[in-house]
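All values below come from the heavy atoms of this structure, side chains included, with hydrogens, waters and symmetry mates left out. We name chains A, B, ... by the order of the sequence lines, and we start the count at 1 in each one.
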Amino acid sequence: MRFSELLAPTLREVPAEAEIASHRLMLRAGLMRKAASGVYTFLPLGYRVLKKIMAIVREEMDAAGAQELMLPIIQPAELWHESGRWFDYGQEMFRLQDRHGREFCLGPTHEEIVTDVVRSEVRSYRQLPLIVYQIQNKYRDEIRPRFGVMRSREFIMKDAYSFDRDQEGLERSYDKMYRAYERIFARLGLKTRAVLADAGAIGGDDNHEFMVIAETGEAEIVYCTECSYAANVERAEAKPEQALPPETEAPPLEAVATPGVRTIAELEAFLSLPASRMIKTLIYRADGNPVAVLVRGDREVNEVKLKRVLGALAVEPADAATVEAVTGAPVGFAGPVGLQGVKVVADLEVPQVADGVTGANKADTHWIHVQYGRDYEADVVADVRVTVAGDACPHCGGRLEAARGIEVGHVFKLGTKYSEALGATYLDETGTERPMIMGCYGIGINRTMAAVIEQNHDERGISWPVSIAPYHVDLIVINPADAPQREAAEALYEKLWQTGIETVLDDRDERAGVKFNDADLIGFPFRVVVGPKSLAQGSVEIKERASGEQHVLGVEEAIEFLRERIAPALGRGGALVESRGGHPGL
RNA sequence: CGGGGCGUGGCGCAGCUUGGUCAGCGCGCCUGCUUUGGGAGCAGGAGGUCGUGAGUUCAAAUCUCACCGCCCCGACCA
């Protein structure tokens, strides 16, 4: 490809809308443009990267025995009614009607539709196990699209679905996919970490998220410094430290006037007591019903855990009117003592708070010397707080650390949730009808692209790993008006393509600085310069983007140098194909 | 949806408080000449219903209201 013919509109200035590096660079390097909030057009360079990511995913899926198919994006509502998710998915689903008023959605995910095919076509244990996958656009009407392609409303996702006869089969399928994921992300040049995660609306039990560790990640994870435990904070268990029982019984309950003291911080200052002695009482609405949630004053409620503990579809903080109705006091003075007519959920740490402080359900008043068991009790005591760095590892007791991550992949053991809802069954050897045991395995393709940029960029631009670079080499002619330079570059350009090295020939009538800056911005792994300096000795200059390493080599040595470094990163076999594919210039 | 902010040539912005030669600047784009190893110089040029619609006024980019779009924080999630 000649740069002069390439649609690669690089931007000198930073678009105001972009906040994080990958978003900025994807716009600046001319990889994509926004069409609407959370909807993007991919330009030639960006699309090449996407195609390469998809190719790697495809190779590894195929190698793991998964079969690719194509599923409809427009899906009938009936299937979603069968699984119950037409309602559960809520506002996030793009819904539409055909001219007859029949309801459809743009598939946000494809469990229903794939289960539908499999239930009609697979009947016998002899046809199992089966793993199928698709790489297609999915649609979610995100509440708030952000960070460019990181959270968009239209996105490409690879989803694989496994169908097994039994739990052992599922374990094998899950393991296959898990290992395929490790290979995929390694080939993409990503450092990832698999963490235990919450299953969310998809449902199911065991699941792991593949996280790219990055400051800009939306997810917070914790990991143990001593063992292999790692989990999304939504899911991470928070075991209370072993507390000694109070040596003496707390003094009797006593009310203190706390005028205008509503927050934990204000209470700490007012009473000169640490937040860990306080019992924070929050009123939530769980599927509409009020619930009181107790955590230690220095802790936060984890709503995902709360949802799970309550078996609720949605939990949200109650509004002020509800709080007053439930507690009989304005916001800021809620407490469990004497609280009536509402379910009370206490975090595991709460009963251990000896001689505590809490709201008295009366304006400007708190109780002190509060004791669990003596003064109040909870209906449920469970882990409902946010795990934080410094907590004890639930497996080995070691210290947990926190980090942020970008979720690029997610593997789930679904079990029979969909196969039972949709009647995906098979007959076993004895002729007994059994539900298939399912798993599903997703990779966000565009998000992965952004994650690669987050991990591979500097102040000058992107630095693509060879495996997914839009082109391997940017061949710059310093002055294309100079015949010897131009001819030498043209000759090298053809040889590189013949060697299978994807090369852009920057033949633009631009100053050298413009070309160098574009090369750095777009992030070609190698830059080759043909200019008067080296040409005098019959040499060319090679610069590696990632390391900055430079070499001046003869033409043949240069080709060999590039071949050695580029070939291993390509394909499972690692061999360059003699090819002119995709190259209109020859 | 709640909170905050922003919509002025392709991009980045000024102008708005104090209505009236304020439709302007930088980059980009086009033409010519000169340049050519890290985003060139000179000269000329194209391009804007100032988000949309009402309203106030002799007069609106500027004031008022409504709507639309976009960005950031939160709830949701791959």
Side-chain angles (χ1 to χ4, degrees), chain A residues 9-20 23-24 27-28 30 33-39 88-93 108-110 137-159 197-202 207-212 217-219 232 234 284-285 301 303-304 307 313-317 319 405-412 440-448 450-451 460-461 476-482 485 506 508-521 527 529-535 541 543 550:
Chain A
T10 55
L11 262 28
R12 193 176 290 200
E13 296 187 71
V14 182
E17 68 189 55
E19 196 77 357
I20 62 169
H23 188 194
R24 269 199 309 270
L27 294 171
R28 281 197 60 211
R33 289 292 184 261
K34 183 174 68 180
S37 179
V39 181
D88 290 357
Y89 235 100
Q91 296 286 100
E92 224 164 281
M93 192 146 65
T109 177
H110 288 67
N137 281 4
K138 311 225 172 183
Y139 297 83
R140 293 184 193 169
D141 193 0
E142 289 288 341
I143 286 173
R144 179 145 96 86
R146 69 182 112 178
F147 300 145
V149 101
M150 208 67 100
R151 173 161 306 282
S152 52
R153 298 194 292 176
E154 175 178 78
F155 54 97
I156 305 172
M157 201 150 125
K158 184 284 297 182
D159 256 326
D198 182 69
I202 294 182
N207 70 98
H208 287 88
E209 288 169 337
F210 283 78
M211 292 286 190
V212 172
E218 288 189 87
N232 190 311
E234 289 178 347
Y284 276 87
R285 294 189 80 93
V301 173
E303 294 182 7
V304 173
K307 209 191 289 189
L313 277 176
V315 299
E316 54 178 1
D319 55 31
I406 300 165
E407 182 187 353
V408 288
H410 204 156
V411 291
F412 296 87
C440 80
Y441 317 90
I443 292 179
I445 303 289
N446 346 40
R447 178 183 279 192
T448 297
R460 309 194 64 81
I476 293 178
V477 200
I478 292 293
N479 183 0
D482 178 57
Q485 282 180 52
D506 195 343
R508 292 176 299 171
D509 182 21
E510 288 284 356
R511 319 203 96 224
V514 172
K515 300 181 191 182
F516 291 156
N517 279 307
D518 276 345
D520 290 343
L521 177 59
R527 185 185 86 188
V529 174
V530 175
K533 286 181 193 168
S534 45
L535 196 58
E541 299 150 48
K543 183 172 183 181
Q550 295 203 59

How about A:Pro317 and A:Glu303: do any of their side-chain heavy atoms sit closer than 4.5 Å? yes
Is A:Pro532 close to A:Asn479 at the side-chain level, that is, under 4.5 Å between some pair of heavy atoms?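 A:Asn479 does not reach A:Pro532 side chain to side chain.
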I'd like the [atom1] distance from [M] over to [N], given in whole Å.
N      : M      : atom1 : answer
B:rG9  : B:rC29 : C1'   : 11 Å
B:rG38 : B:rC42 : C1'   : 22 Å
B:rC50 : B:rU62 : P     : 9 Å
B:rU52 : B:rC68 : C1'   : 7 Å
B:rG69 : B:rU8  : C1'   : 15 Å
B:rU18 : B:rG26 : C1'   : 27 Å
B:rU17 : B:rC73 : P     : 32 Å
B:rA66 : B:rC27 : C1'   : 36 Å

Which base sits across from [N] as a Watson-Crick or G-U pair, both distances under 3.5 Å?
N      : value
B:rG38 : none
B:rA14 : none
B:rA43 : B:rU31
B:rG69 : B:rC6
B:rG74 : B:rC1
B:rG20 : B:rC58

In this structure, are over 12 heavy atoms from other groups packed under 6.0 Å from A:Glu218 atom CD? yes
NZ or CZ of A:Arg527 within 45° of A:Phe516 ring axis and under 6.0 Å: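 So A:Arg527 does make the cation-pi contact.
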Rounded to the nearest 0.5 angstrom, the CG-CD distance for A:Leu535 and A:Glu541 is 10.0 Å
Quick one: pull up CD1 in A:Ile406 and CZ in A:Arg447 and give me the separation to the nearest 0.5 Å.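 CZ of A:Arg447 is found 8.0 Å from CD1 of A:Ile406.
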Generate the contact string for nucleotides 67-76 of chain B. Rules: B means base contact, S means sugar-phosphate contact only, - means no protein heavy atom under 4.0 Å. ---SSBBBBB
So if I define the base as every atom that isn't primed, P, OP1 or OP2, how would nucleotides 31-42 of chain B read as a B/S/- string at a heavy-atom cutoff under 4.0 Å? ----BBBBBB--
List the steps, then state whether side-chain contact (heavy atoms from CB on, under 4.5 Å) holds for A:Tyr441 with A:Lys158. CA-CA 8 Å; A:Tyr441 317 90; A:Lys158 184 284 297 182; 4.0 Å; yes
Shortest non-hydrogen contact from A:Leu521 toward A:Leu11: CD2-O, 4.2 Å
Heavy-atom pair with the smallest gap, counting every atom of A:Leu27 and A:Ala18: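 So the minimum-distance heavy-atom pair works out to CD1-CB, 4.1 Å.
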